[in-house]
Amino acid sequence: MASEDEEFTTLFQDFYPSLCRFLECLLGGRAALAQDLAQESFLQLHRTAWSKLPPGEARFWLYRVARNFAINEFRKGQTRYRLFEQVVQVMSPRRRNPEEEYEAQEQQQMVLEMLQSLPEDQRAALLLREQEQLSYREIGHVLNISESKVKIDIFRARTALRECWAKRAKAHRARGH
Amino acid sequence: MACDQSEKISLLIDGELTATEVRSLELHLARCEDCNQVRADFLGLRSQISAYSPLLAPSKPGPALAAVLAKPSRERHQAGWLGRFLGLGDALPVARYATIAALLMISVAIGTIALLRYRPPTEIANNKSTPGADVVNPTAASPDSPDQLASNSGRKPSKGKPREATPNQRKPDSKIKRSKEQGTPKPLPQLQNSAPPTYAFVNEPDDPAATRSGDTDALTASHLEQSELLLRAFRNLRPNRSGRIAEVAYERRRAQQLLYRNIMLRREADSEGDVEVSSLLGSLEPILLDIANLRDKPRRGDVETIKERVERTSLVPLLQVNSMAVARANE
């Protein structure tokens with residue numbers, strides 16, 4: 001039991017931050033909710049599946065369940081957490097000077113907005129690839145889809161984001177002149 | 001764009017092309033400006049997405065993570081799946097509790113009606129029931145014994161006698177408990193079973209047999225005992241000559257391990273409606289959390305504060321009594 005708990009703690013330490021980030025991007029920047037769901041996923045893992053999963057499977061299980069939680073949240077409605085997230089954003093500690101902070105925030109906001117313009121399945125596949133460096137096979141395993149679907153989803157997501165990026169750059173240039 | 005190799009470029013940057021395909025595409029990229037631009041854009045997007053840092057930085061790994069794990073889980077648990085289903089996760093506590101209470105009452109009412117109307121087929125088939133069926137004995141009946149279903153009807157055994165004109169009052173609680181202890185599928189309606197299928201696929205790995213098995217009691221008893229030992233050891237920590245507590249690394253690690261289990265068992269007790277165990281585990285949790293959050297070489301004051309809380313809440317004797325009681329009940 002003790003060694004199982006230690007293993008679980010290690011897993012938590014290794015994957016909790018990245019799971020939070022994945023969920024936050026998936027949920028359009030709802031940071032507190034993302035942490036909440038990440039913790040809920042770990043609790044589910046500990047409570048139900050930890051002893052049954054084959055070695056190395058826990059990570060994929062976590063992302064799968066976390067994504068399911070996120071989908072449930074989408075279904076529940078989008079607005080409930082918005083105000084709270086804004087408060088969190090305002091209250092969260094700042095590490096850089098205000099100008100840098102503002103730029104970084106704007107950049108992050110833009111990334112989030114662009115990601116939000118994608119269908120959820122494409123967004124999840126792209127995030128697992130770009131942030132978690134999972135292979136197509138692993139992504140397919142997490143999202144329960146075929147590798148060829150992963151390939152298409154990621155490609156479509158990138159193409160859509162590229163177009164979106166170009167439009168924004170154009171609009172930005174137009175505003176500048 | 002004259003040539004469209006962007007799909008291949010997407011695969012290239014993900015390392016999903018064969019060596020031959022990579023060579024051929026690299027040759028193409030060397031002379032095609034458009035495709036080069038696509039690659040640069042894709043890589044730019046990658047760096048933007050991978051550089052994303054959470055708005056609310058997750059807690060640092062280590063014991064603090066155990067705290068983060070424990071705290072929101074409790075908050076969320078209060079709303080529970082029902083609250084989440086109803087979208088009450090962030091509602092005001094009063095409204096949340098009121099709604100949950102109202103729903104529970106409705107569920108209980110429905111359950112009671114169902115109980116009153118329900119007669120297991122075996123009971124109808126054989127009106128005679130086993131002697132001593134009202135005595136809770138987990139090992140007496142096999143899980144699939146028809147008599148068990150009959151005994152679940154809650155009727156007083158009346159071997160050799162005609163059935164009484166007025167049947168004894170049913171005891172749903174004891175029936176549910178007996179069924180749980182015997183590890184059989186519950187033939188009677190349960191509150192949990194009225195759960196809407198919102199979380200069906202999230203709960204896919206859930207195994208009710210595992211979470212509700214009789215092992216839970218044994219686990220709870222062992223957990224209470226281990227927590228008691230930890231608190232005793234912690235209570236006996238003495239400062240050294242310099243007035244500092246030498247080291248609490250072991251206690252910290254132990255508390256962290258027990259904390260996870262505590263959360264699980266508390267949730268289990270909550271879902272089973274075991275208020276006593278749930279409240280005991282609930283008062284143990286913050287203590288475990290505080291110990292888990294101590295520094296390896298903590299200040300004396302920090303340790304003393306926790307010790308005081310342990311004393312004030314009389315946790316050690318409470319744990320001792322309860323671990324014995326749970327173990328005895330489990331026997």
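Below, chain A is the first sequence line, B the second, and so on; all start at residue 1.
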Region of Gln226(B) in contact with chain A, defined by heavy-atom distances below 4.5 Å
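Neither; nothing under 4.5 Å.
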Donor-acceptor under 3.5 Å (Arg162(A) side chain, Asp41(B) main chain):
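No; zero donor-acceptor contacts below 3.5 Å.
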With sequence neighbours excluded, tell me which residues meet salt bridge (Lys or Arg N to Asp or Glu O under 4.0 Å) with Glu163(A).
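Partners of Glu163(A) by the salt bridge (Lys or Arg N to Asp or Glu O under 4.0 Å) criterion come out as none, since no residue qualifies.
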With sequence neighbours left out, write down each residue that passes salt bridge (Lys or Arg N to Asp or Glu O under 4.0 Å) with Glu7(B), or none if nothing qualifies.
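Counting only residues at least two positions away or on another chain, Glu7(B) forms no salt bridge (Lys or Arg N to Asp or Glu O under 4.0 Å).
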Can you check whether anything in residues 120-129 of chain A gets within less than 4.5 Å of chain B, heavy-atom wise, and list it by number?
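Heavy-atom contacts from residues 120-129 of chain A to chain B are Leu126(A), Leu127(A), Arg129(A).
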Report which part of [X] has an atom under 4.5 Å of a heavy atom belonging to chain B: side chain, backbone, both, or neither.
X	value
Met110(A)	neither
Leu115(A)	side chain
Ser41(A)	neither

Can you tell me how far [atom2] of [Y] sits from [atom1] of [X], rounded to the nearest 0.5 angstrom?
X	Y	atom1	atom2	result
Arg267(B)	Leu43(A)	CZ	CG	5.0 Å
Leu45(B)	Arg158(A)	CG	CZ	8.5 Å
Ser53(B)	Glu24(A)	OG	CD	8.0 Å

Within the supplied structure, the quantity of interest is the number of heavy atoms (other residues, nucleotides, ligands) at a distance under 6.0 Å from [X] [atom1]; does it exceed 12?
X	atom1	answer
Arg156(A)	CZ	no
Asn36(B)	CG	yes
Arg168(A)	CZ	yes

Report, in residue-number order, which members of residues 13-21 of chain B are under 4.5 Å from chain A by heavy-atom distance.
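At a heavy-atom separation under 4.5 Å, chain A is reached by Ile13(B), Asp14(B), Glu16(B).
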Geometric class of the Phe155(A)/Phe42(B) ring pair [parallel <30°, tilted 30-60°, perpendicular >60°]:
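Phe42(B) and Phe155(A): perpendicular rings.
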Test side-chain contact (heavy atoms from CB on, under 4.5 Å) applied to Ser10(B) and Ile154(A), step by step
CA-CA 8 Å; Ser10(B) 175; Ile154(A) 290 180; 4.2 Å; yes
Please report the closest heavy-atom contact between His46(A) and Tyr260(B), naming both atoms and the distance.
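His46(A) and Tyr260(B) have their closest heavy atoms at NE2-CB, 3.8 Å.
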